[in-house]
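All remarks here apply to the structure that follows.
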There are 2 protein chains.
Amino acid sequence: MSVSIDNFLKNIYLLNQETAGAVTSSNLAGRLEVSVAAVTDMARKLGKQGLVDYKPYKALNLTERGNELALKIIRKHRLWELFLHQVLGLDLLSVHQEAERLEHHTSDELMNHISRFLGHPDFDPHGDPIPGIGGDVPSEKGVIPLTEILENQQCIVKKLRYRNSETSDMYDRYGLMTGLVLRVIRVFPFDGSIEVKYEDGSEVVLSGKLASNVFCVRK
Amino acid sequence: MSVSIDNFLKNIYLLNQETAGAVTSSNLAGRLEVSVAAVTDMARKLGKQGLVDYKPYKALNLTERGNELALKIIRKHRLWELFLHQVLGLDLLSVHQEAERLEHHTSDELMNHISRFLGHPDFDPHGDPIPGIGGDVPSEKGVIPLTEILENQQCIVKKLRYRNSETSDMYDRYGLMTGLVLRVIRVFPFDGSIEVKYEDGSEVVLSGKLASNVFCVRK
DNA sequence: TTTTTATTTTAAGGTTGCTTAAACTTGTTA
DNA sequence: TAACAAGTTTAAGCAACCTTAAAATAAAAA
């Protein structure tokens with residue numbers, strides 16, 4: 001299984017999750033940073049191999065086998081992230097970049113060693129679920145965007161979406177991290193921004209866009 | 001830097017060390033498991049890039065820059081080996097196979113984290129020296145083959161050469177590992193085999209060939 | 001319904017790292 | 001010294017994965 005195929009399958013899966021909609025060639029091409037033609041080629045090829053359900057001009061879907069492979073890669077990615085963060089102390093941004101490469105070059109055996117070392121964890125340091133060996137994805141029941149928390153309710157941050165250099169800076173600026181306890185003070189309908197209070201008593205206003213990427217459970 | 005180039009440089013370095021002689025295209029081809037023609041191609045290409053000193057029909061040598069790169073890869077390989085063995089408990093054979101892939105996909109930064117985590121070690125679990133960030137190779141002064149130890153002398157095993165499924169089985173069979181203390185009881189000049197005594201009092205005879213791959217320091 | 005626009009596919013071609021087979025060097029042997 | 005054997009290089013070609021540009025299709029607007 002080549003790195004290209006790995007990434008192709010993985011990103012169909014992720015794109016499907018994130019947008020909850022049809023995965024198009026151009027979406028995927030943008031995400032993989034290759035031409036749309038390259039996506040068509042690969043889709044047809046993996047269609048023949050029974051990993052992707054490919055019909056010309058139609059949305060891309062994984063077959064059951066394709067899904068299994070995608071989950072395997074994602075398992076490796078997220079276990080590496082947690083390991084590098086927890087054991088070696090890498091920051092959340094580096095952790096993603098390293099995992100992005102290591103995930104393709106790690107045997108199932110090594111990954112299981114790492115999983116055992118970590119106590120078979122369910123979530124990575126970004127709050128994303130780590131698929132099990134059998135492909136079962138830990139449930140994120142009750143995890144909702146911060147924007148759905150009502151005024152005066154408390155919640156615990158579970159997940160910060162889309163970690164990249166831009167969002168990472170924002171998260172750091174506001175001290176947002178998984179496990180943080182917040183109370184929603186006010187919601188401003190005007191622009192969707194949300195005023196929250198930290199446990200230490202300090203208060204800040206988060207933009208609606210930022211808040212929609214912060215996921216939490218009600219307390 | 002591609003995996004192929006990494007491996008090309010690394011194996012010129014290692015072959016040079018091991019045979020202490022000229023590295024030929026066919027030697028290298030055998031080791032890399034590619035055709036001789038592929039080696040010629042790559043040699044010419046890396047010659048142009050200033051990483052290999054290439055002259056047609058002559059032995060292959062690394063330039064200074066090529067040497068630096070080779071040492072960087074070897075550093076990564078050996079740090080991974082030690083880490084996987086010491087921290088995750090993988091056996092010495094798996095450790096090599098995993099490192100063989102991970103070495104090409106690990107950033108310098110991650111490697112430095114691992115090195116720090118391990119306390120900047122000097123030797124990997126096979127007893128091979130781990131090059132430093134600056135490319136300095138820890139000295140193996142006083143490390144000699146077991147065949148050079150005289151009768152009735154004691155020594156400490158420092159290194160078991162050529163770990164593969166064949167040798168590994170032998171090493172396991174005789175309980176040979178780095179750190180082991182041995183006393184040479186008798187040398188049989190007939191076939192070069194050597195009788196040794198373990199610390200627990202048990203005695204075995206090692207073949208001359210096996211003994212020549214066991215390296216140690218006098219005690 | 002026809003036309004326009006956006007998206008997708010096809011076609012042709014490039015690069016990398018490999019292959020086999022033929023041609024060529026080199027060094028040794030007769 | 002001529003010829004041979006071993007080893008090396010060159011030549012031609014292949015597969016994977018990508019590119020750009022032209023052709024085809026689908027979906028939306030007129």
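The chains referred to below are lettered A, B, ... by the order of the sequence lines, with proteins before strands, and numbering in each begins at 1. The analysis underlying the following values was restricted to heavy atoms, covering all of them including side chains, and did not include hydrogens, waters or symmetry mates. Because the structure is predicted, anything quoted here is derived from the model rather than measured.
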When you compare the protein's N or O atoms with those of nucleotides 3-7 of chain D, which come within less than 3.5 Å of each other, and at what distance?
none

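A salt bridge is defined here as a Lys NZ or Arg NE, NH1 or NH2 lying under 4.0 Å from an Asp or Glu carboxylate O, and B:Glu103 with B:Lys10 meets this definition. Remark: A:Glu18 engages A:Arg31 in a salt bridge, criterion side-chain N to carboxylate O under 4.0 Å. Salt-bridge formation is detected for the pair B:Lys76/B:Asp108: a Lys NZ or Arg NE/NH1/NH2 atom is positioned less than 4.0 Å from an Asp or Glu carboxylate oxygen. Ion pairing between A:Asp128 and A:Arg161 fails under the 4.0 Å rule for side-chain N and carboxylate O.
The stretch residues 1-11 of chain A has no heavy atom under 4.0 angstrom from DNA chain C at all. Proximity of residues 38-48 of chain B to DNA chain D (heavy atom under 4.0 angstrom from any strand atom) is restricted to B:Thr40, B:Arg44.
A:His85 places a side-chain N or O within 3.5 Å of a backbone atom of A:Leu90 that can act as its donor or acceptor partner. Here the side chain of A:Thr19 pairs a donor or acceptor atom with the backbone of A:Leu15 at under 3.5 angstrom.
Counting to the nearest Å, the P atom of C:dC18 and the CG atom of B:Leu32 are 8 Å from each other. With rounding to whole Å, A:Glu33 atom CD is found 12 Å from D:dC18 atom P. A:Leu60 has its CG atom 13 Å from the C1' atom of C:dT9, to the nearest Å. Counting to the nearest Å, the P atom of C:dC24 and the NZ atom of B:Lys58 are 19 Å from each other. Following rounding to the nearest Å, B:Lys55 (NZ) and D:dT9 (C1') show an atom-to-atom distance of 17 Å.
At the heavy-atom level, A:Val34 lies under 4.0 Å from the strands shown only through sugar-phosphate atoms.
Donor-acceptor pairing under 3.5 Å is recorded for the side chains of A:Ser94 and A:Asp91. Side-chain contact of A:Glu98 with B:Thr106: a donor-acceptor pair under 3.5 Å is absent, judged by distance alone. B:Ser4 and B:Asn7 are not linked by any side-chain donor-acceptor pair at a separation below 3.5 angstrom, with hydrogens and angles left out of the test. No side-chain N or O of B:His96 forms a donor-acceptor pair with one of B:His126 less than 3.5 Å apart.
B:Ile133 approaches B:Asp136 most closely through the heavy-atom pair N-OD1, 4.4 Å.
Distances shorter than 4.0 Å separate some side-chain N or O of B:Tyr54 from OP1 or OP2 on D:dT9. Phosphate proximity of C:dC18 to B:Ser35: absent, as no side-chain N or O sits under 4.0 Å from OP1 or OP2.
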